[in-house]
A.B. asks: 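Below is a structure I'd like to ask you about.
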Amino acid sequence: MPALPSSKFATKALVLPAALAMVGLTLTACGSRAGDTASGEGGGATESCVDTSGDTVKVGSLNSLSGTMAISEVTVRDSIALAVEEINASGGVNGKQIEVVAEDGASEPTVFAEKAEKLISSDCVAAVFGGWTSSSRKAMLPVFEDNDALLYYPVQYEGLEASDNIFYTGATTNQQIIPALDYLKEQGVTSLYLVGSDYVFPQTANREIKAYAAANGIEIKGEDYTPLGSTDFSTIVNKVRSADADAVFNTLNGDSNVAFFREYTNAGLNAADMPVISVSIAEEEVAGIGAQNIAGQLTAWNYYQTVDTPENSKFVADYKATYGADKPTSDPMEAAYTSVYLWKNTVEKADSFAVADIQAAADGVSFAAPEGEVVINGDNHHISKTARIGEIRPDGLIYTVWESPAPIEPDPFLETYDWAADLN
């Protein structure tokens, strides 16, 4: 059993509102779905060039291997490769070996869109695995819809989206951000300061956080954004310290987190006095930040390296055996690894690599993932996930201090929350 958390929020035997653990949510007509106009019905879809006549089938791996997001995405690329290696060793998919075509999105949304088009139209891949920032996903979305191709997107995001051409294997809002807010509320937090990178995910997430706060008696004492890759946080940290909020909700991404937490520590702020809960810091970012600068701080994810399941023990051992004993695993890596297996299981259920057949077969497809059992919701292409609040310890790992009593069904449009009615 892990030690009690060192932040001022002591672990409780919490049972969050029942809405968190609802199973069987159905997606009704509300909000704007990205795939409302089908690509094959006047959407400009092109005929697929995927070739499955031989012994192999191609898939794409599209991640930032350079730029500000490389600190997070290189390891996602590695976990995709690990899943492919395992699947190939066990006989492949429908008897075919998987061939990976890897591309670098270079931390630029326009590059992601260009490389996605290349993978689909020139490399003729059956599916693409990758992306991190919501800006990269938004840039790729029309490419996949116009070509009627499939993207498996592995990172938690802000919700308010569903496309027939994307499978979202990271958390949506009700599986990460809302559990984090419920946890903070249960710990007695009545005020927050919001700090984020200046792009789609943090801005939309903070709209959702402010709507939640207004409905739950939480004061927002400040809100600041900085461009991706920013390294000067002296002004923002001084504003945070002056605001004296109960906690900080952090939606910074990439290597900006390194500069933020080092400045936070230099300013004399710590988890005991003003905790930070982060939704984009995992084990590999902790190593870059330095455990001494972030120990005691909180995270909200669905997976940590320390999750105690037989599947995770094998995943961690296999990953370290392949990439090095000092290499940690993390939530986006695990979600990417899981996405490859979900694609495999869906292809085999459909007995087809065709996009339409995969879409038709997806509902109910499951995988015993390192994080726990996950199941695809065929209506919105998200998956059920267990929410976990973690605390970063001096050893650089993250330990669960609370988890949802059951996997949470995805509600990307927050249709079960009255306070979210005006967000769509």
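Please read these numbers as outputs of a predicted model, since none were measured by experiment.
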A.B. asks: Could you note down all residue pairs passing disulfide bond (SG atoms under 2.5 Å apart) where residues 106-140 supplies at least one of them, sequence neighbours left out?
C.D. replies: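 Sorted result for residues 106-140: Cys49-Cys124.
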A.B. asks: Any side-chain donor-acceptor pair under 3.5 Å between Asp232 and Ser234?
C.D. replies: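 Ser234 and Asp232 do have a side-chain donor-acceptor pair below 3.5 Å.
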A.B. asks: Where the side chain of Lys58 meets the backbone of Val125, is there a donor-acceptor pair that is under 3.5 Å apart?
C.D. replies: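 No, the answer is negative, given that no donor and acceptor are paired below the 3.5 Å cut-off.
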A.B. asks: Any non-hydrogen side-chain atom of Val59 less than 4.5 Å from a side-chain atom of Trp343?
C.D. replies: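 Yes, at least one pair of side-chain atoms sits under 4.5 Å.
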A.B. asks: Would you kindly say whether Ser366 and Glu373 are connected by a side-chain donor-acceptor distance under 3.5 Å?
C.D. replies: yes
A.B. asks: Under a 3.5 Å distance rule, please check whether Glu334 uses its side chain to pair with a backbone N or O of Glu371 as donor and acceptor.
C.D. replies: yes
A.B. asks: So, are Lys118 and Asp123 salt-bridged, with charged N and O less than 4.0 Å apart?
C.D. replies: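 Salt bridge flag = yes for Asp123 with Lys118.
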A.B. asks: Can you confirm whether Pro332 sits close enough to Trp132 that some side-chain heavy atom of one is under 4.5 Å from a side-chain heavy atom of the other?
C.D. replies: yes
A.B. asks: Judged by modelled atom types alone, do Asp224 and Thr226 share a side-chain donor-acceptor pair under 3.5 Å?
C.D. replies: no
A.B. asks: When you compare the side chains of Ser66 and Asp104, does any donor N or O come within less than 3.5 Å of an acceptor on the partner?
C.D. replies: yes
A.B. asks: By the ring-ring contact (aromatic ring centres under 6.0 Å, His included) test, which pairs, at least two apart or in different chains, include something from residues 193-218?
C.D. replies: Tyr212-Trp419
A.B. asks: Are a donor atom and an acceptor atom from the side chains of Arg137 and Ser134 found within less than 3.5 Å of each other?
C.D. replies: yes
A.B. asks: I'd like to know whether Gln187 forms a side-chain contact (heavy atoms from CB on, under 4.5 Å) with Leu184, so could you lay out the CA-CA distance, the side-chain angles of the two residues, the decisive distance to 0.1 Å, and finally the verdict.
C.D. replies: CA-CA 5 Å; Gln187 301 301 316; Leu184 294 175; 5.6 Å; no
A.B. asks: Over all heavy atoms of both residues, which pair between Ile120 and Ala149 is shortest? Give the atoms and the distance, please.
C.D. replies: CD1-CB, 3.7 Å
A.B. asks: Examine the side chains of His382 and Tyr157 and answer whether a donor and an acceptor come within less than 3.5 Å of each other.
C.D. replies: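 On atom types as modelled, these side chains qualify, holding a pair under 3.5 Å.
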A.B. asks: Is a side-chain donor-acceptor pair under 3.5 Å present for Glu403 with Thr386?
C.D. replies: no
A.B. asks: Which pair of heavy atoms, one from Phe129 and one from Val340, lies closest together, and at what distance?
C.D. replies: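 The pair with the smallest heavy-atom distance is CE2-CA, 3.7 Å.
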A.B. asks: Okay, side chain of Asn174, backbone of Asp411: is any donor-acceptor separation there less than 3.5 Å?
C.D. replies: yes
A.B. asks: Please answer whether the main-chain N or O of Met69 pairs with a side-chain N or O of Ser107 as donor and acceptor at a distance below 3.5 Å.
C.D. replies: yes
A.B. asks: Are Asn250 and Asn257 close enough that a side-chain donor and a side-chain acceptor fall under 3.5 Å?
C.D. replies: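 Yes, a side-chain donor-acceptor pair sits under 3.5 Å.
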A.B. asks: For Pro179 versus Ile408, what's the shortest heavy-atom pair and its separation?
C.D. replies: CG-CD1, 4.3 Å
A.B. asks: Grab the two heavy atoms, one from Val76 and one from Met333, that are nearest each other, plus how far apart they are.
C.D. replies: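 Between these two residues, the closest heavy atoms are N-CG, 4.0 Å.
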A.B. asks: Roughly how far, to the nearest 0.5 Å, is the CG atom of Asp78 from the OH atom of Tyr337?
C.D. replies: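 Result: 14.0 Å between the selected atoms.
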A.B. asks: Give, for atom CD1 of Ile98 and atom NZ of Lys344, the distance between the pair rounded to the nearest 0.5 Å.
C.D. replies: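 So the CD1 of Ile98 and the NZ of Lys344 are separated by 8.5 Å.
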A.B. asks: Does the side chain of Gln203 pick up a donor-acceptor pair with the side chain of Asp198 at under 3.5 Å?
C.D. replies: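 Distance-only check passes for Gln203 and Asp198.
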A.B. asks: Report yes or no: do Tyr168 and Asn380 form a side-chain donor-acceptor pair below 3.5 Å?
C.D. replies: no
A.B. asks: Quick one, Ile71 and Glu284 - any side-chain contact, counting heavy atoms below 4.5 Å?
C.D. replies: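 Answer no - side chains too far apart.
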A.B. asks: Do you see a donor-acceptor pair shorter than 3.5 Å between the side chains of Ser280 and Gln156?
C.D. replies: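 Judged by distance alone, the side chains do pair up.
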A.B. asks: Quick one: pull up CZ in Arg262 and CD1 in Ile294 and give me the separation to the nearest 0.5 Å.
C.D. replies: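 Rounded to the nearest 0.5 Å, the CZ-CD1 separation comes to 11.0 Å.
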A.B. asks: Strictly by ring-ring contact (aromatic ring centres under 6.0 Å, His included), give each pair with a member in residues 238-296 just once, sequence neighbours left out.
C.D. replies: Phe233-Phe260, Phe260-Tyr264
A.B. asks: Between the side chain of Arg241 and the main-chain N/O of Ala267, is any donor-acceptor distance below 3.5 Å?
C.D. replies: yes
A.B. asks: In Å and rounded to the nearest 0.5 Å, what is the CG to CG distance from Asp164 to Asp148?
C.D. replies: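 Those atoms lie 8.5 Å apart.
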A.B. asks: With a 4.5 Å cut-off on side-chain heavy atoms, are Gln297 and Ile281 touching?
C.D. replies: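 Side-chain contact under 4.5 Å: no.
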A.B. asks: Check whether more than 12 heavy atoms from other residues, nucleotides or ligands sit under 6.0 Å from atom CG of Asp326, and answer yes or no.
C.D. replies: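 Yes.
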A.B. asks: For Gln175, is there any backbone N or O sitting under 3.5 Å from a side-chain donor or acceptor partner on Asn302?
C.D. replies: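 Between the backbone of Gln175 and the side chain of Asn302 there is a qualifying donor-acceptor contact (under 3.5 Å).
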A.B. asks: Locate the shortest heavy-atom distance separating Pro412 from Thr172; write the atom from each residue and the value.
C.D. replies: CA-OG1, 3.4 Å
A.B. asks: Is a side-chain N or O of Ser256 found less than 3.5 angstrom from the main chain of Gly229, in a donor-acceptor match?
C.D. replies: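 Flag set: sc Ser256 to bb Gly229 pair under 3.5 Å.
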A.B. asks: Begin from the C-alpha positions of Phe112 and Thr133 and carry the test side-chain contact (heavy atoms from CB on, under 4.5 Å) through to its verdict.
C.D. replies: CA-CA 10 Å; Phe112 270 93; Thr133 67; 5.8 Å; no
A.B. asks: Show your working on side-chain contact (heavy atoms from CB on, under 4.5 Å) between Phe315 and Thr309 and close with a plain yes or no.
C.D. replies: CA-CA 10 Å; Phe315 172 60; Thr309 67; over 6 Å; no
A.B. asks: For the residue pair Leu192 and Leu181, establish whether any side-chain heavy-atom pair is separated by less than 4.5 Å.
C.D. replies: yes
A.B. asks: Under 3.5 Å, side chain of Asp246 to main-chain N/O of Val189, donor-acceptor pair present?
C.D. replies: no
A.B. asks: Would Lys138 and Glu161 pass as an ion pair if we require N to O under 4.0 Å?
C.D. replies: yes
A.B. asks: For the pair Lys385 (side chain) and Thr169 (backbone), establish whether a donor and an acceptor sit closer than 3.5 Å, ignoring hydrogens and angles.
C.D. replies: yes
A.B. asks: Do we see a donor-acceptor contact under 3.5 Å between the side chains of Tyr319 and Thr75?
C.D. replies: no
A.B. asks: Side chains of Tyr341 and Glu86, heavy atoms from C-beta outward: is any pair under 4.5 Å?
C.D. replies: yes
A.B. asks: When rounded to the nearest 0.5 angstrom, what is the spacing between CG in Leu150 and NE2 in His381?
C.D. replies: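 The CG atom of Leu150 sits 8.0 Å away from the NE2 atom of His381.
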A.B. asks: Are any side-chain N or O atoms of Ser136 and backbone N or O atoms of Gly131, one a donor and one an acceptor, separated by less than 3.5 Å?
C.D. replies: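 No, the answer is negative, given that no donor and acceptor are paired below the 3.5 Å cut-off.
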A.B. asks: Take Ile383 and Phe367, measure what side-chain contact (heavy atoms from CB on, under 4.5 Å) needs, and give me the verdict at the end.
C.D. replies: CA-CA 10 Å; Ile383 65 175; Phe367 175 59; over 6 Å; no
A.B. asks: Do the side-chain N and O atoms of Thr338 and Tyr303 include a donor-acceptor pair separated by under 3.5 angstrom?
C.D. replies: no
A.B. asks: With the side chain counted from C-beta on, respond yes when Asn270 and Thr265 share a heavy-atom pair under 4.5 Å apart, and no when they do not.
C.D. replies: no
A.B. asks: Would you tell me whether Glu117 and Asn147 have side-chain atoms, one donor and one acceptor, within less than 3.5 Å of each other?
C.D. replies: yes
A.B. asks: On a heavy-atom basis, which atom in Leu414 and which in Ala420 lie closest, and how many Å separate them?
C.D. replies: CB-CB, 3.6 Å
A.B. asks: If you round to the nearest 0.5 Å, how far is CG of Asn312 from CD of Gln305?
C.D. replies: 7.5 Å
A.B. asks: Any non-hydrogen side-chain atom of Val307 less than 4.5 Å from a side-chain atom of Arg388?
C.D. replies: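 Yes, side chains in contact.
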